[in-house]
Amino acid sequence: MSQGIAATAVRWIFSRGQKGSKVALRAEFTPGKVYLHVTAPVKTIPCVAPNAMKLETYLRMAEIPYEPMYGWGVGPKGKIPWIEYNGEAMGDSGLIIEFLNREKGVDLNQSLSDADKAVSRAFTKMVEENTYWGLARNRWIDHFDKLQQLYEIPWSVMFFLKYFGLGKAKQAMWNQGIGRHSTEEVEGIMDTDLKAISCFLGTKPYLMGDDPTEVDAAVFGQLSEMCYCIPDSYLYRIVNVDYPNLQAYCNRIKDRYWPDWDQLTGNNA
Amino acid sequence: MGVGRSGNLGAQVAKGKVTRHASRSNMANCNCFFCLPSPSEGNSWKSTALCLLGGAALASASIVFVSRIWEKFRQKNTVYPEDTVVLHQFQRAKHVPSLSPFCLKLETFLRMHNIPYMTILDSPLSSKGKMPWIQFNQSRVEDATFSVMFLSETFHIEVNGMSGSVTSQQKAMSRAVVSLVEESLYWTVAYCRWVDHVDQTRAELPYDGVLKFVVPWMMAGIILREMYAHGIGKNSREELYRIMEGDLKALSDLLGEQSFILGERPCEADCSLFGVLAQIMWTLPGTRAEALVKGEYINLANYCIRMRELFWPDWSRIVTEKH
């Protein structure tokens, strides 16, 4: 596995951030089957990438059978997760979900009105385009020393990440915007976002009501990374202590859609 | 006796083949970089041209650098009236008060809550390299979002409602809508403006001469780089427009027949939304964005006009192109 990480890291650094990546596809595949490329489970969580947790939770919610392919290889858009379907590679979890909705005739949002779908989209965007960056910053800048333990990578790969990856991550965060704020400011932003989710959720079992919808997959994807990883971070505290309905919400989804959580996390690839 | 430009100068110095000239007196025998034999006749105009170009670039960069430093120094030492918010932003534009959705958002917010303010146009960027930023008495706040939070605290404004109580659900929805507008729709509109329809944008810019070409070229690079870092830039052109359409549909559905995005009272989300929609309405003629807002999602266009009439009655006086 560490060779895969090192190979990906080298390719990433020397690709100079080019738009596409060539991916090696399976020679044989079952038509209509989803091959899901994600990183292997670690002790704390089945996947350390929030969008991978989102996509896999969506597949479980929609009852779409899939086969997980563990590794660190990135997809055609240079991101994880990605899927192979009928011999073609597809990147970006949002686009994959749209595609699978069409292909498999799935609609987790069918009970929602147009206005509710709009609210659902707004919360999805908030959690993926704003809250996500606070999580990334928290991991890569505030708790970089904990990354090795979280990702379960050897010190050699950690060394590589520190001297070649960290600078690039910081640059990306500066360009995105979150890297320009101080740690206190980012904590404030995260608290506001998580408070919004907590207030909107209230006492409801799921964000939009009694039944889970697509936005729950997206929100769980991000929140699970905060709820179960890096207990020292303020994100862990905010989700588990400050807004306990968020912790209860995460556990609810975990119990319903991830009954094999302990089996996955106790079994490292 | 020259070393030739293809040689490894460092290695040759180390081997003693090339010596750095210690004084002007032995420059004639020197083989260092600065005393390398002059190029042949045929190349002299090229090297002269290069020197002139390099010199011009260096001179312009120095002038810009020094003037910015001077401007920052002057700003630091300027005394502004008390209890007045000083809003630092870009220049006024031809058809909108600001081409930056965030500057327009913040100024609309100030007007919405009748906060006394003055504008400094063409101000230097904040220490985070962004615009807008504000000063208020001794405080300085950068970033539109933090400015809104600061102003709400200072002026005791219920951020997500003009007056009266606002439910926590509505506050939460406001936050989500702001994210949708600023973290998703904004990027698709920025792409439309600076990458896809740069010719129309050039006509909108309040600059003349060479800046009309330099600024769009720089902005396209900045926007693409930021979008790529954000992640949204990894999508194709068609995918970006699909995201834009999805976002506009969601906002149109949410607005419905209401006066404002979350009901009958305006809030911060309205300022964000107006900041971006105004760009689509009045600075992107003939684009798909404009067609969507003025066509299928026409309630957004009507909303935009309503916001303009409510909070910008002096709009035609402020924009630079007078009708």
Side-chain angles (χ1 to χ4, degrees), chain A residues 17-21 51 75-79 91-92 94-95 98 112-133 136 168-169 171-182 185 188-189 192-202 204 207 215, chain B residues 102 126-130 141-143 145-146 149 159-160 167-187 222-236 238-239 242-243 246-258 261-262 269:
Chain A
Q18 277 151 23
K19 270 205 162 180
S21 331
N51 284 338
K77 290 191 188 215
K79 297 198 248 189
D92 190 287
L95 294 176
E98 276 181 28
L112 300 181
S113 67
D114 281 342
D116 280 343
K117 283 184 191 170
V119 171
S120 173
R121 187 183 177 101
F123 273 100
T124 306
K125 295 284 175 170
M126 182 184 82
V127 94
E128 291 187 347
E129 314 287 357
N130 202 40
T131 322
Y132 162 75
W133 286 101
K168 279 215 153 206
Q171 181 69 28
M173 280 186 257
W174 178 268
N175 282 332
Q176 190 276 341
I178 199 96
R180 298 180 201 226
H181 302 310
S182 69
E185 285 170 339
I189 291 171
T192 314
D193 279 3
L194 293 168
K195 182 177 177 180
I197 300 172
S198 174
C199 286
F200 189 74
L201 177 68
K204 304 196 293 286
L207 264 170
V215 66
Chain B
F102 299 104
S126 69
S127 66
K128 292 180 185 174
K130 293 264 180 174
V141 187
E142 290 157 11
D143 192 273
T145 307
F146 292 133
M149 286 184 194
V159 168
N160 294 304
T167 64
S168 54
Q169 284 257 326
Q170 282 174 311
K171 272 195 210 176
M173 276 169 53
S174 172
R175 177 79 181 179
V177 170
V178 166
S179 290
L180 177 71
V181 170
E182 295 185 0
E183 303 291 339
S184 182
L185 181 62
Y186 162 72
W187 291 113
I222 291 171
I223 291 292
L224 281 171
R225 192 179 63 223
E226 290 182 348
M227 280 176 72
Y228 196 77
H230 179 277
I232 199 170
K234 294 183 184 172
N235 292 306
S236 70
E238 260 321 298
E239 286 163 351
R242 249 200 0 242
I243 292 173
D247 288 347
L248 288 172
K249 176 182 190 323
L251 291 161
S252 174
D253 287 342
L254 198 54
L255 177 68
E257 308 281 316
Q258 295 169 152
I261 194 75
L262 291 177

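All figures in this text were calculated on a predicted structure; none of them were measured in a lab. Chain A is the first sequence line, chain B the second, and so forth, proteins listed ahead of strands; every chain is numbered from 1.
Side-chain contact between B:Arg242 and A:Glu98 is present, with at least one heavy-atom pair separated by less than 4.5 Å. No side-chain heavy atom of A:Met126 sits under 4.5 Å from any side-chain heavy atom of B:Val178.
If you measure heavy-atom distances from B:Leu255 to chain A, you find no contacts under 4.5 Å at all. For B:Glu182, no part lies under 4.5 angstrom from a heavy atom of chain A.
The greatest number of non-hydrogen atom pairs below 4.5 Å with chain B, out of A:Ala122, A:Ser120, A:Ala118, is found for A:Ala122. Between chain B and the options A:Val127, A:Asp92, A:Ile189, the largest number of non-hydrogen pairs under 4.5 Å is found for A:Ile189. With chain B as partner, the option from A:Val119, A:Thr131, A:Thr124, A:Thr192 having the largest number of non-hydrogen pairs under 4.5 angstrom is A:Thr192. Put simply, of A:Ser198, A:Ala115, A:Gly188, A:Gly202, the one with the most heavy-atom pairs under 4.5 Å next to chain B is A:Ala115.
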List the steps and the verdict of salt bridge (charged side-chain N to carboxylate O under 4.0 Å, His left out) for B:Asp247 and A:Arg121. CA-CA 8 Å; B:Asp247 288 347; A:Arg121 187 183 177 101; 2.6 Å; yes
When you look at A:Glu185 and B:Asp143, which way does the side chain to side chain contact (heavy atoms under 4.5 Å, CB included) test go after all the steps? CA-CA 11 Å; A:Glu185 285 170 339; B:Asp143 192 273; over 6 Å; no
Assess the residue pair B:Asp253 and A:Lys117 against the criterion (side chain to side chain contact (heavy atoms under 4.5 Å, CB included)); give the C-alpha distance rounded to whole Å, side-chain angles, the decisive distance to 0.1 Å, and a yes or no. CA-CA 8 Å; B:Asp253 287 342; A:Lys117 283 184 191 170; 5.9 Å; no
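Looking at residues two or more places apart in sequence or on another chain, you find a ring pair (Phe, Tyr, Trp, His ring centres under 6.0 Å) between B:Tyr186 and B:Phe102. Checked against side-chain contact (heavy atoms from CB on, under 4.5 Å), B:Glu257 has no partners two or more places apart in sequence or in another chain.
In this structure, A:Phe123 and B:Ala172 approach most closely via the heavy-atom pair CZ-O, 3.7 Å.
Under the 3.5 Å distance criterion, with hydrogens and angles disregarded, a donor-acceptor pair is assigned to the side chains of A:Lys125 and B:Ser184.
For the pair B:Gln169 (side chain) and A:Phe200 (backbone), a donor-acceptor distance under 3.5 Å is present.
Note that OG of B:Ser179 and CG of A:Asp193 are 5.5 Å apart. Values are rounded to the nearest 0.5 Å.
Applying the 6.0 Å contact sphere to NZ of A:Lys195 captures no more than 12 heavy atoms from other residues, nucleotides or ligands.
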